[in-house]
Amino acid sequence: MTVVTRFAPSPTGFLHIGGARTALFNWLYARHHGGTYLLRIEDTDRKRSTKEAIDAIVDGLDWLGLSPDGKVVYQSANTVRHAKIAQRLLDAGKAYHCYCSPEELAAMREEARTNGKPVRYNGYWRDRDPAEAPPGVPPVIRFRAPQDGNTVIEDLVQGTVTNANKHLDDMVILRADGTPTYMLSVVVDDNDMGVTHVIRGDDHLTNAYRQTQLYLALSWKPPAFGHIPLIHGSDNAKLSKRHGALGVEAYREMGYLPEALRNYLLRLGWGHGDDEIISTEQAIQWFDLNAVIRSPARFDFAKLDNLNGHYMRQAADSRLVELILPHLEKTLGHRLNEAGKSRLERGMEGLKERAKKTNNLIENARFYVINRPVPLDKKALIVLDSKGRQKVADILPLLSAAKNWEARVLEGLVRAYAEETGIKLGQVAQPLRAALTGSKTSPPIFEVMDVLGREESLGRLSDVTK
RNA sequence: GGCCCCGUCGUCUAGUGGCCUAGGACUCCAGGUUUUCAUCCUGGCAACGCGGGUUCGAGUCCCGCCGGGGUCACCA
């Protein structure tokens, strides 16, 4: 049997971090088994579905490298088929019309709640003669669920989970306006798409019972289920915006690399021994549902940052330049010429080691591409007091006389100077750094001079001696 | 409230009855390398929710309690 998985978000919001992980697990599972991974947009609720949300989901998936294998399926395109299936159930006596008004239903729930009874539809129309139907009330179609016995799910993550059928009520499968509800459409679509493995959030576990009943009523083979635990915030509550339930595009904007986010998400709720840094190839090879942790995990930015730092150091310099270029040009207010880009690329090795996110990179790279005179920040100003400026002035002629403008040569010159005058290297390096970069921290100062080039370096140094 | 699920360092996790004096990673702290910062290296703090069983032996199995979460729509 060929494995077919699917990621099925409802386009009512952006692709949030939990959804991204669900997509990842579906993708990984399909890849591991040499199967297919599909995307279905659950837009049966047209009122709440938006084009923007659909785009955000597709783009987010794309960015993460989790694009679907086939064409995107829109659930709303299948409503006729859904209604047909509902009719089939009705004809077979496995569903029935219910004429209860929303108000009646609300009252029913309210009463159950106040009496401390389970909140369920009471089956009022289940066995009632349709002839008693109130005139002019369009009915909904409810599924005639089995009332005895148990529904058992062999969940690939949760193990065997059982629920007594008496706990489940007769759900609405077709609304009064003829549109299908979620419960019906997922079953029909998953069946029609040949989905063999439904991997989704834990919050769907209770739905799985009802969906299984539906499959059985239709004489279809239910898929295998795998319900993965939800991601929680740092206070252990359901993930909300303030703990990182942001759209993946927000992570992108914050300066995270897709491979870092993927690695982080993979390790959140899944483990393979002591392995932490896991490549996509290895993940595909190792991933399976039985190693998914059954308890919810908390989202932790500190670990994501650490992982991101790792992948940044690993990333190609040219790619990083491409990534930060648009942002850099925006803060600069003008386009960068080739010389500027080349400086960035040559300086990137030293730059990327000092940044946790590409956002830090943008700030830290700025000094390489700004025009003289370099603005000095507060700390740089302190370093460049009269004494500091004097040091720069003292070294300036030495540097100007350098035969080759290379880091190693420059370092040799300055070290010799420090030794002769009996001062520590740091005491002269810091004023140079402040003058060259406008800041107290930067990549190694001789590397900076090398990248900046003779003319620019000398210019920046002489700027502070005036 | 009914039903379902979960419970190892602050966080992510390893652990499937003896290899556990509970391991790794992140964070934090202390050192070291270093021209700054960062990287890197060394070391340290830190956990089996509680109570009963079962067993020669329990983090690992069973029961109870406590705690946490999910779900109960003509939303998905």
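What you see below is based on every heavy atom in this structure, not just the backbone, and it leaves out hydrogens, waters and symmetry mates. Chain letters run A, B, ... following the sequence lines, proteins first and then strands; every chain starts at 1. In this text the structure is predicted, and so the values were computed from the model without any measurement.
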[N] and [M]: how far apart are their [atom1] atoms, nearest whole angstrom?
N: B:A38; M: B:C26; atom1: P; value: 16 Å
N: B:G59; M: B:C50; atom1: P; value: 11 Å
N: B:A73; M: B:U54; atom1: C1'; value: 47 Å
N: B:C45; M: B:G7; atom1: P; value: 27 Å
N: B:C29; M: B:U35; atom1: P; value: 24 Å
N: B:G69; M: B:G32; atom1: C1'; value: 45 Å
N: B:G43; M: B:G49; atom1: C1'; value: 31 Å
N: B:G23; M: B:G64; atom1: P; value: 32 Å

Indicate, with yes or no, if the rings of [X] and [Y] have centres closer together than 6.0 Å.
X: A:Phe287; Y: A:Trp270; answer: yes
X: A:His197; Y: A:Phe25; answer: no
X: A:Tyr209; Y: A:Phe225; answer: no

Let's test your reading of the model: under 3.5 Å, does the base of B:A76 pair with the side chain of A:Asp43 as donor and acceptor?
no
Could you tell me whether [X] and [Y] have a side-chain N and a carboxylate O separated by less than 4.0 Å?
X: A:Arg415; Y: A:Glu419; result: no
X: A:Glu42; Y: A:Arg6; result: no
X: A:Arg210; Y: A:Asp169; result: yes

Report which part of the nucleic acid [X] touches: base, sugar-phosphate, or nothing (heavy-atom distance under 4.0 Å, all strands).
X: A:Ser185; result: nothing
X: A:His227; result: nothing
X: A:Met171; result: nothing
X: A:Val140; result: base
X: A:Gly269; result: sugar-phosphate
X: A:Ala176; result: base
X: A:Thr44; result: sugar-phosphate
X: A:Leu304; result: nothing
X: A:Tyr264; result: nothing

Given that both distances must come in under 3.5 Å, which nucleotide forms a Watson-Crick or G-U wobble pair with B:G2?
B:U71
Name the pairing partner of B:G7, where a pair is Watson-Crick or G-U wobble with both distances under 3.5 Å, or state none.
B:C66
Can you work out whether A:Glu447 or A:Gln75 has the more 5'-proximal nearest nucleotide on RNA chain B?
A:Glu447
On RNA chain B, does the nearest nucleotide to A:Pro180 precede the nearest nucleotide to A:Arg109 from the 5' side, or the other way round? Give the residue.
A:Arg109
What's the closest nucleotide to the [X] side chain, out of [options]?
X: A:Asn306; options: B:C26, B:G70, B:C6; answer: B:C26
X: A:Gln158; options: B:C5, B:C3, B:U11; answer: B:C5
X: A:Ala429; options: B:U35, B:U11, B:A76; answer: B:U35
X: A:Met183; options: B:C12, B:G69, B:A76; answer: B:A76
X: A:Thr206; options: B:U27, B:C5, B:U71; answer: B:U71

Just how far, in rounded Å, is [atom2] of [N] from [atom1] of [X]?
X: A:His232; N: B:C12; atom1: NE2; atom2: P; answer: 11 Å
X: A:Leu261; N: B:C12; atom1: CG; atom2: C1'; answer: 15 Å
X: A:Arg298; N: B:U8; atom1: CZ; atom2: P; answer: 10 Å
X: A:Leu205; N: B:C72; atom1: CG; atom2: P; answer: 12 Å
X: A:Asn163; N: B:C72; atom1: CG; atom2: P; answer: 13 Å
X: A:Arg120; N: B:C4; atom1: CZ; atom2: C1'; answer: 13 Å
X: A:Ile228; N: B:G70; atom1: CD1; atom2: C1'; answer: 14 Å
X: A:Tyr121; N: B:C3; atom1: OH; atom2: P; answer: 23 Å

N/O-N/O pairs, protein side and nucleotides 18-24 of chain B side, under 3.5 Å:
unit_1	atom_1	unit_2	atom_2	d
B:G23	N2	A:Asp274	OD1	2.8
B:G24	N2	A:Glu276	OE2	2.8

Protein-proximity profile, nucleotides 36-43 of chain B, B/S/- by nucleotide at the 4.0 Å heavy-atom cutoff, equals BBBSS---
With A:Ser442, which of A:Arg354, A:Glu447, A:Arg433 fulfils side chain to side chain donor-acceptor pair (under 3.5 Å)?
A:Arg433
Mind running a 4.0 Å heavy-atom check of residues 82-90 of chain A against RNA chain B and sending the residues that fall below it, in number order?
none
Do A:Asn165 and A:Thr151 get their side chains close enough for a donor-acceptor pair, meaning under 3.5 Å?
yes
Donor-acceptor pair between A:Asp192 and A:Asn78 side chains, under 3.5 angstrom
no
Rounded to the nearest 0.5 Å, how far apart are CG of A:Leu452 and OH of A:Tyr368?
7.0 Å
Taking 4.0 Å as the cut-off, does a side-chain nitrogen or oxygen of [X] come that near to OP1 or OP2 on [N]?
X: A:Arg40; N: B:A76; result: no
X: A:Arg294; N: B:C6; result: yes
X: A:Arg142; N: B:C74; result: yes

Crowded around A:Lys357 NZ? As in, over 12 foreign heavy atoms under 6.0 Å?
yes
Does A:Glu349 have more than 12 heavy atoms from other residues, nucleotides or ligands lying within 6.0 Å of its CD?
no
Side chains of A:Met348 and A:Leu361, heavy atoms from C-beta outward: is any pair under 4.5 Å?
yes
Using the side chain to side chain donor-acceptor pair (under 3.5 Å) rule, take A:Gln390 and A:Asp394 through it: C-alpha gap first, then chi angles, then the decisive distance, then the call.
CA-CA 6 Å; A:Gln390 188 53 49; A:Asp394 290 347; 2.9 Å; yes
Under the 6.0 Å and 45° cation-pi test, does A:Arg142 pair with A:Tyr121?
yes
